[in-house]
There are 2 protein chains.
Amino acid sequence: MYKPITLKDIAIALDLSPSTVSRALRDTYDISEKTKKLVNDYATLVNYQSNPMAAGLRSKKSKSIGIVVPDLANSFFSQAISGIESIAEKEGYHTIISQTKDSYHKEIEVINHMANRYVDGLIITMSSETTEYTHLQQMHKSGLPIVFFDRIVDEINTYKVVCNNFESCYKATTQLIENGKRNIAFLANAPQLSISKERIGGYKTAMTDQLISSRDELIKFCPSGGSDYEEVELAIKQLMALDESPDAIFVAGDRLSMACLRAVKNLGIKSDELSIIGFSNVDIIDLLQTPISHIRQRAFEMGQISMTMLLKIIETKYPITDFETKVIDADIFWMEHLSV
Amino acid sequence: MYKPITLKDIAIALDLSPSTVSRALRDTYDISEKTKKLVNDYATLVNYQSNPMAAGLRSKKSKSIGIVVPDLANSFFSQAISGIESIAEKEGYHTIISQTKDSYHKEIEVINHMANRYVDGLIITMSSETTEYTHLQQMHKSGLPIVFFDRIVDEINTYKVVCNNFESCYKATTQLIENGKRNIAFLANAPQLSISKERIGGYKTAMTDQLISSRDELIKFCPSGGSDYEEVELAIKQLMALDESPDAIFVAGDRLSMACLRAVKNLGIKSDELSIIGFSNVDIIDLLQTPISHIRQRAFEMGQISMTMLLKIIETKYPITDFETKVIDADIFWMEHLSV
DNA sequence: CTGAAAGCGCTAACAG
DNA sequence: CTGTTAGCGCTTTCAG
């Protein structure tokens, strides 16, 4: 069995008490510089690694945080994770990552597991299946610091970090209209998601403001979020079969955007027939056959902010009550023929 | 503070001893069905969650394993992770994921952290910076089960899972030659990586077997693995500036392949000037402007096998001595003009 | 500034 | 089959 050096080993070797060694290692105030140096030098020498489980068991702190995202294979999330880690590392926090694959049960299981491992806090993007938050609410009430990222939960009062979903959709839709588009379809993720609601809101409001009636038949939901290609192809087919078929389509998700491109390609729809704009953080969008207009979220930055917020909750002495929701601008990239 | 129900709480509530409750919960053999049911029902009722840290501290087992990969934003790895998780989940194991960003120091830090959290085992893809394995060797010797995945370490005797790097490169190179290519360049990841050596080996051997002398100036290393675009563009520029410039290029990495496509595009190199074949597990390769010939690894399957191997080590009663290296076929997809 | 003692939540060894 | 006891490695009172 793997048996590392323990704090006790150091204590014996240096003829000190375990508590003194513990204090020296943790750099508390009531310890002499001399002992501190002695202990730390020896610890480095023997490559001592403190045991976070034992420490956590006692102190209920672990200097590590959990990250829960729906899907690691999504550039948006992997970029955000890198942002989170960039701050965590600097502050001496470890990160533990898990994916839910958009499953409610996996989400519960993963979150429980992390909480039991004494993560000091959680950064969460909700799974698209989740409609029930009691598991989170309970933990949050008991004092587990949580920051919501991207897909947020209104019912839980804490820091939240999102992009300006409403505004960017409003803006993009308006510009489509200014470019003469009238039948703008909207392809969304699962309807219960906060991002779906916000994005549709921006789209609909823009339509109304431009005096175009938004037709419900133009809005399609794909609960799989694009991981089920058939679902997306079907949606596109149905849209194109409408009496007044769309001249543009707004795709409100990353995997969804790619699935949409694939469907358009497979169905042989020409790009001058249907303009596409979609959310996407894919890092090879410049290499696509049909490089689409896209809304790119500042994922890395959003990750950094999330971690900063989480640290604020974790390290505060007094409970925070005035939580903010940080809204980060997204960048819109237009293909030439639409860039007004 | 988040304070969950403990095993002791159950013991008191049910007027049993903690050990009996522990046994009932863990379903050991020496416990009556009646007590087992009583305990488990009550546990479910109060939503008891066992504390893996406390359990781990005592038993040195945690029913969780660590996954260490260089980069989560790489489809190959995220697909493999899903494969690992599919088995882990079935067997009741949790997974903890970390990325090293190809940094040696981060790798050490991450692995230490996981070992200290009593993961029961590790599935590792080495960072490209790593040339020193003492940290791993030591842990492995002390009994920590390790499975190497993709980028392996010869010096450590354990299970390893790789794709048939040599053979697929040999085969692909041969086919390029049969298609009339003579000046085949090779773009590799960091030279110390096992995959780099194996892939170059396949390429060189094929050249020799086809009586084509392989010129060293045609082989370029990009230690960043494609995450530094400039590095790749420079390599391509240098290759194209050669007196006998390449008529084909073999790209031995996923990010590298995409960076190469970008360079080719940016430098205005025509596709009939330079045929490209590259390793890639990108899931939108069919949507690329220049869909390249590519070698696709069965990442999900490789992940599943890795986890299966790891479980074998973890759950065996007697130490394993005859470790295998599982070699999984990769699939080659040719663009039409090269498909002989 | 340092040490002794208790205990985090759980499992394991030993009785019975 | 169940209870008792001890202890995993660390932190945290509480003394001194």
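Quick note on labels: first sequence line is chain A, next is B, and so on, each numbered from 1.
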What is the bend of the helix from C/dC1-D/dG16 to C/dG16-D/dC1 when you compare the axis at one end with the axis at the other, using five pairs each and rounding to 10°? 40°
Whole Å only: how far is the CG atom of B/Leu16 from the C1' atom of D/dT4? 14 Å
Length of the line joining A/Asp27:CG and C/dC1:C1', which is rounded to integer Å: 14 Å
Is the ring pair B/His113/A/His94 parallel, tilted or perpendicular, if the boundaries are 30 and 60 degrees? parallel
Should A/Asp120 and A/Lys63 count as an ion pair when the cut-off is N to O under 4.0 Å? no
Is there a donor-acceptor contact under 3.5 Å linking the side chains of A/Glu85 and A/Thr95? yes
Would you check if there is a donor-acceptor pair between the side chains of B/Ser306 and B/Lys160 at a distance under 3.5 Å? no
Is it true that B/Ser82 and A/Lys101 share a donor-acceptor pair across their side chains at a distance under 3.5 Å? yes
If we ignore hydrogens and angles and just use 3.5 Å, is the side chain of A/Thr308 paired with the main-chain N or O of A/Gln304 as donor and acceptor? yes
Note: contacts of residues 29-42 of chain B with DNA chain C (heavy atom, under 4.0 Å) are none
Each nucleotide of nucleotides 10-16 of chain D classed B (base within 4.0 Å of a protein heavy atom), S (only sugar-phosphate) or -, in 5' to 3' order, makes BBBB---
Take atom CE of A/Met53 and atom P of D/dG9, then tell me their distance rounded to the nearest Å. 12 Å
Taking atom types as modelled, find out whether B/Glu129 and B/Ser103 have a side-chain donor-acceptor pair closer than 3.5 angstrom. no
Mark yes or no for whether A/Thr44, through its side chain, and A/Asn40, through its backbone, hold a donor-acceptor pair below 3.5 Å. yes
For the pair made of CD1 in A/Ile12 and C1' in C/dG3, what is the distance, rounded to whole Å? 15 Å
Report the C-alpha distance between A/Thr6 and A/Asn51 in whole Å, list the side-chain angles of each, state the deciding distance to 0.1 Å, and finish with yes or no for side-chain contact (heavy atoms from CB on, under 4.5 Å). CA-CA 8 Å; A/Thr6 71; A/Asn51 181 328; over 6 Å; no
On the 0 to 90° scale, with breaks at 30° and 60°, tag the A/Phe76-A/Phe149 ring pair as parallel, tilted or perpendicular. parallel
